Amino acid sequence: MTEVSSKGRRDAHRAPTDDVADRPASKAPEPAVWSRDFALFFIARAVAALGHTILPVALATGLLQHGYGAGAVGLAMAASAASFAGFVVFGGVVADRFDTRKVMIGADLVRLAGQTLAAALFFSGHVVLWQICVIGFVNGLAGALFQPGVASTVPRLATDVQGANGAIRIAEAGAQLAGPVCAGLLVGFASAGGVFAVDAAMYAVSALCLILLRLPPRAPDDGPTSHRTSTFRADLVTGWREFRARSWLWGVIAIWGLYMIAVSGPTVPLVATEVVQDHGPGAYGLVNSALGAGTVVGGLLALRLRPRRMLRAGSIALVGFGAFPATVGAGLGVPAMMAGAAVAGTGMAFWSVMWATSIQTQVPPDALNRIHAYDVAGSLALMPVGQALAGPSAAALGADHVLLVAGVMSLVVCGALLATAPIRNLVRADDTGAVDKRVRDH
(Lines give C-alpha, C1' and ligand atoms only; values in the text may rest on other atoms or scores of the structure.)
Protein backbone atom coordinates (compact mmCIF):
# COMPACT_ATOMS: atom_id res chain seq x y z
CA MET A 1 0.00 0.00 0.00
CA THR A 2 1.39 3.39 -0.99
CA GLU A 3 1.64 5.90 1.81
CA VAL A 4 1.93 9.66 1.55
CA SER A 5 4.94 10.75 3.59
CA SER A 6 4.52 13.29 6.34
CA LYS A 7 6.99 15.57 4.60
CA GLY A 8 5.00 15.41 1.39
CA ARG A 9 1.82 16.14 3.28
CA ARG A 10 3.34 19.14 5.01
CA ASP A 11 4.61 20.41 1.66
CA ALA A 12 1.10 20.05 0.27
CA HIS A 13 -0.24 22.13 3.13
CA ARG A 14 2.22 24.88 2.26
CA ALA A 15 1.43 24.79 -1.43
CA PRO A 16 0.63 28.37 -2.53
CA THR A 17 -2.64 29.33 -4.14
CA ASP A 18 -2.53 30.65 -7.70
CA ASP A 19 -2.86 34.26 -6.62
CA VAL A 20 0.15 34.11 -4.31
CA ALA A 21 2.44 31.85 -6.34
CA ASP A 22 4.66 34.75 -7.43
CA ARG A 23 5.17 36.33 -4.03
CA PRO A 24 8.75 37.33 -3.25
CA ALA A 25 10.81 34.63 -1.58
CA SER A 26 11.57 36.98 1.30
CA LYS A 27 7.95 37.05 2.46
CA ALA A 28 7.45 35.68 5.94
CA PRO A 29 6.01 32.14 6.02
CA GLU A 30 2.39 31.60 6.94
CA PRO A 31 1.73 30.99 10.64
CA ALA A 32 1.54 27.37 11.72
CA VAL A 33 -2.08 27.83 12.87
CA TRP A 34 -3.52 31.33 12.95
CA SER A 35 -3.63 32.41 9.33
CA ARG A 36 -6.50 34.48 7.95
CA ASP A 37 -8.10 31.40 6.42
CA PHE A 38 -7.85 29.27 9.55
CA ALA A 39 -9.40 32.13 11.52
CA LEU A 40 -12.37 32.08 9.13
CA PHE A 41 -12.71 28.33 9.50
CA PHE A 42 -12.39 28.63 13.29
CA ILE A 43 -15.23 31.18 13.38
CA ALA A 44 -17.36 28.92 11.18
CA ARG A 45 -16.84 25.96 13.50
CA ALA A 46 -17.34 28.03 16.66
CA VAL A 47 -20.69 29.52 15.62
CA ALA A 48 -21.92 26.17 14.29
CA ALA A 49 -20.99 24.51 17.58
CA LEU A 50 -22.87 27.20 19.49
CA GLY A 51 -25.92 26.64 17.29
CA HIS A 52 -25.68 22.90 17.89
CA THR A 53 -25.76 23.39 21.68
CA ILE A 54 -28.71 25.80 21.74
CA LEU A 55 -30.88 23.73 19.38
CA PRO A 56 -31.92 20.94 21.82
CA VAL A 57 -33.15 23.55 24.32
CA ALA A 58 -35.21 25.31 21.65
CA LEU A 59 -36.60 22.07 20.27
CA ALA A 60 -37.60 20.67 23.67
CA THR A 61 -39.08 23.97 24.89
CA GLY A 62 -40.97 24.63 21.68
CA LEU A 63 -42.53 21.19 21.40
CA LEU A 64 -43.50 21.09 25.08
CA GLN A 65 -45.10 24.53 24.79
CA HIS A 66 -47.21 23.28 21.87
CA GLY A 67 -48.60 20.33 23.77
CA TYR A 68 -46.18 17.57 22.83
CA GLY A 69 -44.48 15.30 25.37
CA ALA A 70 -41.00 13.97 26.00
CA GLY A 71 -41.54 11.17 23.49
CA ALA A 72 -42.13 13.69 20.71
CA VAL A 73 -38.97 15.57 21.67
CA GLY A 74 -36.97 12.34 21.54
CA LEU A 75 -38.48 11.45 18.16
CA ALA A 76 -37.58 14.84 16.68
CA MET A 77 -34.00 14.56 17.95
CA ALA A 78 -33.73 10.97 16.76
CA ALA A 79 -34.79 11.97 13.23
CA SER A 80 -31.73 14.20 12.91
CA ALA A 81 -29.36 11.76 14.60
CA ALA A 82 -30.53 8.81 12.50
CA SER A 83 -30.11 10.57 9.16
CA PHE A 84 -26.66 11.83 10.19
CA ALA A 85 -25.45 8.40 11.28
CA GLY A 86 -27.01 6.69 8.28
CA PHE A 87 -25.57 8.97 5.60
CA VAL A 88 -22.23 10.21 6.96
CA VAL A 89 -20.31 7.44 5.17
CA PHE A 90 -21.82 8.54 1.85
CA GLY A 91 -20.99 12.13 2.82
CA GLY A 92 -17.33 11.12 3.01
CA VAL A 93 -17.41 9.89 -0.58
CA VAL A 94 -19.14 13.08 -1.74
CA ALA A 95 -16.53 15.23 0.04
CA ASP A 96 -13.71 13.30 -1.66
CA ARG A 97 -15.31 13.35 -5.12
CA PHE A 98 -16.26 17.02 -5.24
CA ASP A 99 -14.96 20.37 -4.02
CA THR A 100 -15.00 19.96 -0.23
CA ARG A 101 -15.53 23.64 0.53
CA LYS A 102 -18.51 23.91 -1.84
CA VAL A 103 -20.08 20.78 -0.34
CA MET A 104 -19.74 22.29 3.16
CA ILE A 105 -21.20 25.62 2.01
CA GLY A 106 -24.15 23.81 0.42
CA ALA A 107 -24.74 21.85 3.63
CA ASP A 108 -24.77 25.07 5.67
CA LEU A 109 -27.24 26.67 3.27
CA VAL A 110 -29.56 23.67 3.53
CA ARG A 111 -29.50 23.91 7.33
CA LEU A 112 -30.04 27.67 7.10
CA ALA A 113 -33.21 27.02 5.07
CA GLY A 114 -34.35 24.25 7.40
CA GLN A 115 -33.95 26.26 10.59
CA THR A 116 -35.60 29.29 8.97
CA LEU A 117 -38.60 27.13 8.09
CA ALA A 118 -38.71 25.72 11.65
CA ALA A 119 -38.60 29.25 13.06
CA ALA A 120 -41.52 30.24 10.84
CA LEU A 121 -43.54 27.23 12.04
CA PHE A 122 -42.94 28.05 15.70
CA PHE A 123 -43.64 31.76 15.19
CA SER A 124 -46.92 30.92 13.45
CA GLY A 125 -47.98 28.58 16.24
CA HIS A 126 -48.76 25.87 13.67
CA VAL A 127 -46.35 23.16 14.81
CA VAL A 128 -46.88 19.66 13.43
CA LEU A 129 -44.56 16.95 14.71
CA TRP A 130 -43.99 15.20 11.39
CA GLN A 131 -42.93 18.48 9.80
CA ILE A 132 -40.39 19.12 12.57
CA CYS A 133 -39.10 15.56 12.16
CA VAL A 134 -38.70 16.03 8.39
CA ILE A 135 -36.75 19.25 8.97
CA GLY A 136 -34.58 17.45 11.50
CA PHE A 137 -33.98 14.58 9.07
CA VAL A 138 -32.91 16.97 6.30
CA ASN A 139 -30.66 18.88 8.71
CA GLY A 140 -29.06 15.61 9.79
CA LEU A 141 -28.46 14.70 6.16
CA ALA A 142 -26.81 18.10 5.59
CA GLY A 143 -24.64 17.50 8.65
CA ALA A 144 -23.60 14.14 7.20
CA LEU A 145 -22.42 15.94 4.06
CA PHE A 146 -20.66 18.65 6.07
CA GLN A 147 -18.80 16.71 8.77
CA PRO A 148 -16.40 14.59 6.66
CA GLY A 149 -14.96 17.71 5.04
CA VAL A 150 -13.77 19.03 8.40
CA ALA A 151 -11.12 16.32 8.56
CA SER A 152 -9.40 17.29 5.30
CA THR A 153 -9.84 21.05 5.71
CA VAL A 154 -7.85 21.38 8.94
CA PRO A 155 -4.55 20.00 7.58
CA ARG A 156 -4.89 22.12 4.44
CA LEU A 157 -5.17 25.30 6.51
CA ALA A 158 -2.59 24.68 9.25
CA THR A 159 0.83 23.08 9.26
CA ASP A 160 0.44 22.56 13.01
CA VAL A 161 -2.51 20.17 12.76
CA GLN A 162 -2.50 19.33 16.47
CA GLY A 163 -2.55 23.01 17.44
CA ALA A 164 -5.40 23.67 15.03
CA ASN A 165 -7.44 20.77 16.45
CA GLY A 166 -6.75 22.00 19.98
CA ALA A 167 -8.01 25.48 19.12
CA ILE A 168 -11.20 24.10 17.55
CA ARG A 169 -11.78 21.85 20.56
CA ILE A 170 -11.53 24.86 22.87
CA ALA A 171 -14.12 26.68 20.74
CA GLU A 172 -16.46 23.69 20.99
CA ALA A 173 -15.98 23.63 24.76
CA GLY A 174 -16.79 27.33 24.95
CA ALA A 175 -19.98 26.64 23.00
CA GLN A 176 -20.85 23.85 25.43
CA LEU A 177 -20.51 26.31 28.29
CA ALA A 178 -22.34 29.23 26.69
CA GLY A 179 -24.94 27.44 24.57
CA PRO A 180 -27.47 26.34 27.22
CA VAL A 181 -27.26 29.75 28.94
CA CYS A 182 -27.81 31.60 25.67
CA ALA A 183 -30.69 29.29 24.75
CA GLY A 184 -32.38 29.86 28.10
CA LEU A 185 -32.10 33.64 27.73
CA LEU A 186 -33.38 33.56 24.15
CA VAL A 187 -36.36 31.39 25.06
CA GLY A 188 -37.14 33.66 28.00
CA PHE A 189 -36.89 36.97 26.14
CA ALA A 190 -38.11 35.79 22.74
CA SER A 191 -39.53 32.31 22.06
CA ALA A 192 -38.52 28.93 20.69
CA GLY A 193 -39.02 30.39 17.21
CA GLY A 194 -36.53 33.12 18.06
CA VAL A 195 -33.94 30.51 19.01
CA PHE A 196 -34.45 28.71 15.70
CA ALA A 197 -34.02 32.04 13.90
CA VAL A 198 -30.74 32.66 15.73
CA ASP A 199 -29.63 29.12 14.89
CA ALA A 200 -30.38 29.80 11.22
CA ALA A 201 -28.31 32.99 11.40
CA MET A 202 -25.37 31.00 12.79
CA TYR A 203 -25.44 28.70 9.79
CA ALA A 204 -25.50 31.80 7.60
CA VAL A 205 -22.35 33.08 9.34
CA SER A 206 -20.68 29.70 8.91
CA ALA A 207 -21.52 29.62 5.20
CA LEU A 208 -20.24 33.17 4.74
CA CYS A 209 -16.93 32.32 6.42
CA LEU A 210 -16.53 29.29 4.17
CA ILE A 211 -17.34 31.40 1.08
CA LEU A 212 -14.55 33.80 2.05
CA LEU A 213 -12.18 30.92 2.76
CA ARG A 214 -9.28 30.30 0.36
CA LEU A 215 -8.09 26.72 0.54
CA PRO A 216 -4.67 25.88 -0.88
CA PRO A 217 -4.87 23.47 -3.81
CA ARG A 218 -4.66 19.76 -3.20
CA ALA A 219 -1.90 17.67 -4.68
CA PRO A 220 -2.67 16.70 -8.32
CA ASP A 221 -3.84 13.20 -7.33
CA ASP A 222 -5.78 14.32 -4.25
CA GLY A 223 -8.53 16.45 -5.74
CA PRO A 224 -11.93 15.75 -7.23
CA THR A 225 -10.39 15.00 -10.65
CA SER A 226 -8.78 11.84 -9.25
CA HIS A 227 -12.28 10.36 -8.76
CA ARG A 228 -13.71 11.11 -12.19
CA THR A 229 -12.80 7.70 -13.60
CA SER A 230 -14.21 5.79 -10.64
CA THR A 231 -17.79 5.13 -9.60
CA PHE A 232 -19.42 6.20 -6.36
CA ARG A 233 -19.54 2.58 -5.25
CA ALA A 234 -15.86 2.07 -6.10
CA ASP A 235 -14.91 5.10 -4.00
CA LEU A 236 -16.98 3.74 -1.12
CA VAL A 237 -15.22 0.37 -1.35
CA THR A 238 -11.80 2.02 -1.62
CA GLY A 239 -12.48 4.05 1.49
CA TRP A 240 -13.46 0.90 3.37
CA ARG A 241 -10.29 -0.83 2.16
CA GLU A 242 -8.16 2.08 3.36
CA PHE A 243 -9.97 1.98 6.70
CA ARG A 244 -9.43 -1.76 7.16
CA ALA A 245 -5.75 -1.49 6.19
CA ARG A 246 -4.94 0.48 9.35
CA SER A 247 -5.15 -1.74 12.38
CA TRP A 248 -4.70 1.16 14.77
CA LEU A 249 -7.70 2.90 13.20
CA TRP A 250 -10.25 0.10 13.16
CA GLY A 251 -8.87 -1.15 16.47
CA VAL A 252 -9.85 2.10 18.17
CA ILE A 253 -13.30 2.05 16.56
CA ALA A 254 -13.90 -1.54 17.65
CA ILE A 255 -12.92 -0.76 21.24
CA TRP A 256 -14.95 2.44 21.11
CA GLY A 257 -18.08 0.38 20.53
CA LEU A 258 -17.68 -1.01 24.06
CA TYR A 259 -17.17 2.54 25.31
CA MET A 260 -20.42 3.70 23.70
CA ILE A 261 -22.45 0.83 25.16
CA ALA A 262 -20.97 0.65 28.66
CA VAL A 263 -19.73 4.18 29.39
CA SER A 264 -20.92 7.10 27.28
CA GLY A 265 -24.37 5.71 26.43
CA PRO A 266 -25.59 5.23 30.02
CA THR A 267 -23.61 8.16 31.49
CA VAL A 268 -25.40 10.94 29.60
CA PRO A 269 -29.03 10.14 30.55
CA LEU A 270 -28.37 8.65 34.01
CA VAL A 271 -26.13 11.49 35.23
CA ALA A 272 -28.83 13.97 34.24
CA THR A 273 -31.51 11.96 36.03
CA GLU A 274 -29.54 11.34 39.21
CA VAL A 275 -28.20 14.87 39.64
CA VAL A 276 -31.53 16.59 38.94
CA GLN A 277 -33.48 14.26 41.23
CA ASP A 278 -31.01 14.46 44.11
CA HIS A 279 -29.75 18.04 43.85
CA GLY A 280 -32.00 19.95 41.44
CA PRO A 281 -31.53 21.38 37.93
CA GLY A 282 -29.21 24.11 39.19
CA ALA A 283 -26.71 21.52 40.36
CA TYR A 284 -26.90 19.79 36.99
CA GLY A 285 -26.08 23.10 35.34
CA LEU A 286 -23.03 23.48 37.58
CA VAL A 287 -21.85 19.95 36.77
CA ASN A 288 -22.24 20.59 33.04
CA SER A 289 -20.33 23.85 33.37
CA ALA A 290 -17.52 22.02 35.13
CA LEU A 291 -17.47 19.49 32.30
CA GLY A 292 -17.16 22.32 29.78
CA ALA A 293 -14.42 24.02 31.81
CA GLY A 294 -12.48 20.76 31.91
CA THR A 295 -12.84 20.46 28.16
CA VAL A 296 -11.25 23.90 27.76
CA VAL A 297 -8.34 22.79 29.95
CA GLY A 298 -7.92 19.62 27.89
CA GLY A 299 -7.82 21.67 24.70
CA LEU A 300 -5.20 23.99 26.17
CA LEU A 301 -3.07 21.03 27.23
CA ALA A 302 -3.33 19.64 23.71
CA LEU A 303 -1.93 22.93 22.41
CA ARG A 304 1.16 22.59 24.61
CA LEU A 305 1.96 18.88 24.92
CA ARG A 306 3.41 17.07 21.90
CA PRO A 307 3.65 13.36 22.78
CA ARG A 308 5.55 11.17 20.33
CA ARG A 309 2.95 8.42 20.66
CA MET A 310 -0.25 10.42 20.55
CA LEU A 311 -2.80 7.65 21.00
CA ARG A 312 -0.90 6.26 23.98
CA ALA A 313 -0.95 9.67 25.65
CA GLY A 314 -4.59 10.18 24.73
CA SER A 315 -5.57 6.79 26.16
CA ILE A 316 -3.86 7.62 29.45
CA ALA A 317 -5.68 10.96 29.60
CA LEU A 318 -9.00 9.26 28.84
CA VAL A 319 -8.73 7.37 32.13
CA GLY A 320 -9.97 10.57 33.76
CA PHE A 321 -13.40 10.28 32.15
CA GLY A 322 -14.32 7.51 34.57
CA ALA A 323 -14.37 10.07 37.40
CA PHE A 324 -17.57 11.59 35.98
CA PRO A 325 -19.97 8.63 36.27
CA ALA A 326 -18.15 7.30 39.33
CA THR A 327 -18.60 10.44 41.45
CA VAL A 328 -22.30 10.63 40.57
CA GLY A 329 -22.83 6.92 41.10
CA ALA A 330 -21.10 7.09 44.49
CA GLY A 331 -23.58 9.73 45.63
CA LEU A 332 -20.94 12.34 46.38
CA GLY A 333 -21.74 16.01 46.85
CA VAL A 334 -22.02 18.60 44.12
CA PRO A 335 -18.41 19.89 44.52
CA ALA A 336 -17.05 16.35 44.13
CA MET A 337 -19.24 15.74 41.07
CA MET A 338 -18.05 19.01 39.55
CA ALA A 339 -14.44 17.96 40.13
CA GLY A 340 -15.13 14.59 38.51
CA ALA A 341 -16.79 16.30 35.55
CA ALA A 342 -13.84 18.68 35.13
CA VAL A 343 -11.36 15.78 35.13
CA ALA A 344 -13.55 13.91 32.65
CA GLY A 345 -13.76 16.90 30.31
CA THR A 346 -10.01 17.39 30.40
CA GLY A 347 -9.28 13.76 29.57
CA MET A 348 -11.88 13.51 26.81
CA ALA A 349 -10.76 16.75 25.14
CA PHE A 350 -7.11 15.70 25.13
CA TRP A 351 -7.99 12.29 23.69
CA SER A 352 -10.19 13.91 21.03
CA VAL A 353 -7.36 16.14 19.80
CA MET A 354 -4.86 13.27 19.76
CA TRP A 355 -7.30 11.07 17.85
CA ALA A 356 -8.34 13.70 15.29
CA THR A 357 -4.73 14.71 14.65
CA SER A 358 -3.65 11.09 14.20
CA ILE A 359 -6.30 10.52 11.54
CA GLN A 360 -5.58 13.79 9.72
CA THR A 361 -1.83 13.22 9.57
CA GLN A 362 -1.59 9.44 9.15
CA VAL A 363 -4.14 8.96 6.36
CA PRO A 364 -3.53 9.81 2.66
CA PRO A 365 -5.34 13.05 1.80
CA ASP A 366 -7.26 11.56 -1.12
CA ALA A 367 -9.08 9.14 1.23
CA LEU A 368 -9.21 11.29 4.35
CA ASN A 369 -12.83 12.42 4.10
CA ARG A 370 -14.08 8.88 3.56
CA ILE A 371 -12.04 7.43 6.40
CA HIS A 372 -13.18 10.22 8.73
CA ALA A 373 -16.75 9.37 7.75
CA TYR A 374 -16.21 5.71 8.65
CA ASP A 375 -14.71 6.89 11.93
CA VAL A 376 -17.73 9.06 12.75
CA ALA A 377 -20.21 6.36 11.74
CA GLY A 378 -18.39 3.68 13.71
CA SER A 379 -18.04 5.89 16.76
CA LEU A 380 -21.73 6.78 16.86
CA ALA A 381 -23.25 3.47 15.78
CA LEU A 382 -23.59 1.94 19.25
CA MET A 383 -24.39 5.12 21.19
CA PRO A 384 -28.19 4.57 20.83
CA VAL A 385 -27.73 1.01 22.10
CA GLY A 386 -26.03 2.26 25.26
CA GLN A 387 -28.71 4.90 25.76
CA ALA A 388 -31.51 2.40 25.18
CA LEU A 389 -30.01 -0.03 27.70
CA ALA A 390 -29.52 2.68 30.34
CA GLY A 391 -33.15 2.63 31.50
CA PRO A 392 -33.59 -1.14 31.81
CA SER A 393 -30.16 -1.46 33.44
CA ALA A 394 -31.00 1.24 35.97
CA ALA A 395 -34.33 -0.43 36.73
CA ALA A 396 -32.65 -3.78 37.32
CA LEU A 397 -29.48 -2.71 39.13
CA GLY A 398 -30.12 0.87 40.23
CA ALA A 399 -28.85 3.95 38.41
CA ASP A 400 -26.04 4.46 40.92
CA HIS A 401 -24.68 0.96 40.34
CA VAL A 402 -24.87 1.36 36.55
CA LEU A 403 -22.87 4.59 36.81
CA LEU A 404 -20.26 2.94 39.01
CA VAL A 405 -19.95 0.15 36.45
CA ALA A 406 -19.56 2.81 33.74
CA GLY A 407 -16.66 4.30 35.70
CA VAL A 408 -14.98 0.89 35.92
CA MET A 409 -15.64 0.14 32.24
CA SER A 410 -13.98 3.44 31.33
CA LEU A 411 -10.79 2.04 32.85
CA VAL A 412 -11.29 -1.24 30.98
CA VAL A 413 -11.61 0.60 27.66
CA CYS A 414 -8.47 2.64 28.30
CA GLY A 415 -6.64 -0.55 29.26
CA ALA A 416 -7.75 -2.18 26.00
CA LEU A 417 -6.49 0.80 24.00
CA LEU A 418 -3.12 0.67 25.74
CA ALA A 419 -2.89 -3.11 25.41
CA THR A 420 -3.31 -3.01 21.61
CA ALA A 421 0.16 -2.65 20.11
CA PRO A 422 -0.73 -0.81 16.85
CA ILE A 423 -2.63 1.79 18.90
CA ARG A 424 -0.10 2.07 21.72
CA ASN A 425 2.96 2.26 19.45
CA LEU A 426 1.68 4.53 16.66
CA VAL A 427 4.27 7.29 16.20
CA ARG A 428 3.16 10.79 15.29
CA ALA A 429 3.50 11.57 11.58
CA ASP A 430 5.89 14.50 12.01
CA ASP A 431 8.36 12.40 13.99
CA THR A 432 11.44 10.88 12.38
CA GLY A 433 10.78 7.34 11.21
CA ALA A 434 7.02 7.63 11.48
CA VAL A 435 6.47 6.80 7.83
CA ASP A 436 8.41 3.55 8.14
CA LYS A 437 6.41 2.73 11.27
CA ARG A 438 3.12 3.24 9.43
CA VAL A 439 4.26 1.01 6.58
CA ARG A 440 5.20 -1.75 9.01
CA ASP A 441 1.83 -1.40 10.73
CA HIS A 442 0.09 -2.23 7.46
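Because the structure is predicted, anything quoted here is derived from the model rather than measured.
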Check: Going from NZ on K102 to CG on L210, what distance comes out if it is rounded to the nearest 0.5 angstrom?
Finding: 13.5 Å

Notebook entry, point to check: So which heavy atom on Q362 is nearest to which on V427, and how close?
Noted result: NE2-O, 2.8 Å

Check: Given side chains that start at C-beta, do those of F350 and L318 come closer than 4.5 Å, heavy atoms only?
Finding: no

Note to self: Within the 4.5 Å heavy-atom criterion, are V47 and Y203 side-chain neighbours or not?
What the structure shows: no

Notebook entry, point to check: Distance only, no hydrogens: is a donor on one side chain within 3.5 Å (strictly under) of an acceptor on the other, for N139 and S80?
Noted result: no

Check: Is there a donor-acceptor pair closer than 3.5 Å between any side-chain N or O of T420 and the backbone N or O of A416?
Finding: yes

Notebook entry, point to check: What's the spacing between L403 CG and L397 CG if we round to 0.5 Å?
Noted result: 11.0 Å

Notebook entry, point to check: Between CZ of F137 and CH2 of W130, what distance do you get to the nearest 0.5 Å?
Noted result: 14.0 Å

Margin query: Tell me if a side-chain donor or acceptor on T327 pairs with a main-chain N or O of A323 at a distance below 3.5 Å.
Written below: yes

Margin query: Give me each pair satisfying salt bridge (charged side-chain N to carboxylate O under 4.0 Å, His left out) with a member in residues 257-276, each pair once, sequence neighbours excluded.
Written below: none

Margin query: Quick check: do R36 and L212 have side-chain heavy atoms less than 4.5 Å from each other?
Written below: yes

Item checked: No-hydrogen, no-angle side-chain donor-acceptor test under 3.5 Å, Q162 and R428 -> yes

Check: Can you name the nearest heavy-atom pair linking P325 to T267, along with the distance?
Finding: CB-OG1, 3.7 Å

Next item on the list: With rounding to the nearest 0.5 Å, note down the distance linking CD1 in I105 to CG in L109.
Entry: 7.5 Å

Margin query: Which heavy atom of L311 sits nearest to which heavy atom of M354, and what is that distance?
Written below: CD2-O, 4.1 Å

Note to self: To the closest 0.5 Å, what do you measure between CG (L112) and CG (D199)?
What the structure shows: 10.0 Å

Margin query: Angle between ring planes, F324 versus F321, binned at 30° and 60°: parallel, tilted or perpendicular?
Written below: perpendicular

Margin query: Could you check whether any side-chain heavy atom of D160 comes within less than 4.5 Å of a side-chain heavy atom of R306, counting everything from C-beta outward?
Written below: yes

Notebook entry, point to check: Are R101 and D37 within salt-bridge range, i.e. N to O under 4.0 Å?
Noted result: no

Next item on the list: Can you tell me which residue pairs pass the salt bridge (charged side-chain N to carboxylate O under 4.0 Å, His left out) test with a partner in residues 106-117, sequence neighbours excluded?
Entry: D108-R111

Check: Between atom OG of S152 and atom CD1 of I359, what is the distance when rounded to the nearest 0.5 Å?
Finding: 12.5 Å

Check: Parallel, tilted or perpendicular: which fits the ring planes of W256 and Y259, with parallel below 30° and perpendicular above 60°?
Finding: parallel

Next item on the list: Please assess L417 against W351 for the test side chain to side chain contact (heavy atoms under 4.5 Å, CB included), listing each intermediate value before the final yes or no.
Entry: CA-CA 12 Å; L417 292 171; W351 160 262; 4.2 Å; yes

Notebook entry, point to check: What pair of heavy atoms forms the shortest contact from S410 to V263, and how long is it?
Noted result: N-CG2, 3.6 Å

Margin query: Is it the case that the side chain of R424 and the backbone of L418 share a donor-acceptor pair, with hydrogens and angles ignored and the cut-off at 3.5 Å?
Written below: yes

Next item on the list: Taking the side chain as every heavy atom from C-beta outward, state whether R309 and L426 have any atom pair closer than 4.5 Å.
Entry: no

Notebook entry, point to check: Mind checking whether N165 and W355 have side chains closer than 4.5 Å, heavy atoms only?
Noted result: no

Note to self: I want to check something: taking the side chain as every heavy atom from C-beta on, are T153 and M104 in contact at a cut-off of under 4.5 Å?
What the structure shows: yes

Next item on the list: Output yes when a side-chain donor or acceptor of W250 lies under 3.5 Å from a complementary backbone atom of R244, and no otherwise.
Entry: yes

Margin query: For the aromatic rings, using the six-membered ring if either is Trp, is the centroid distance between F42 and W34 under 6.0 Å?
Written below: yes

Notebook entry, point to check: Looking at L63 and A76, what are the two nearest heavy atoms and their distance?
Noted result: CD1-CB, 4.0 Å

Check: What are the two closest heavy atoms between P266 and M260, and how far apart are they?
Finding: CD-O, 4.1 Å

Notebook entry, point to check: Would you call V88 and P148 a side-chain contact if the rule is heavy atoms closer than 4.5 Å?
Noted result: yes

Checklist line | Side-chain donor/acceptor of H52 to backbone N/O of A48, under 3.5 Å | finding: no

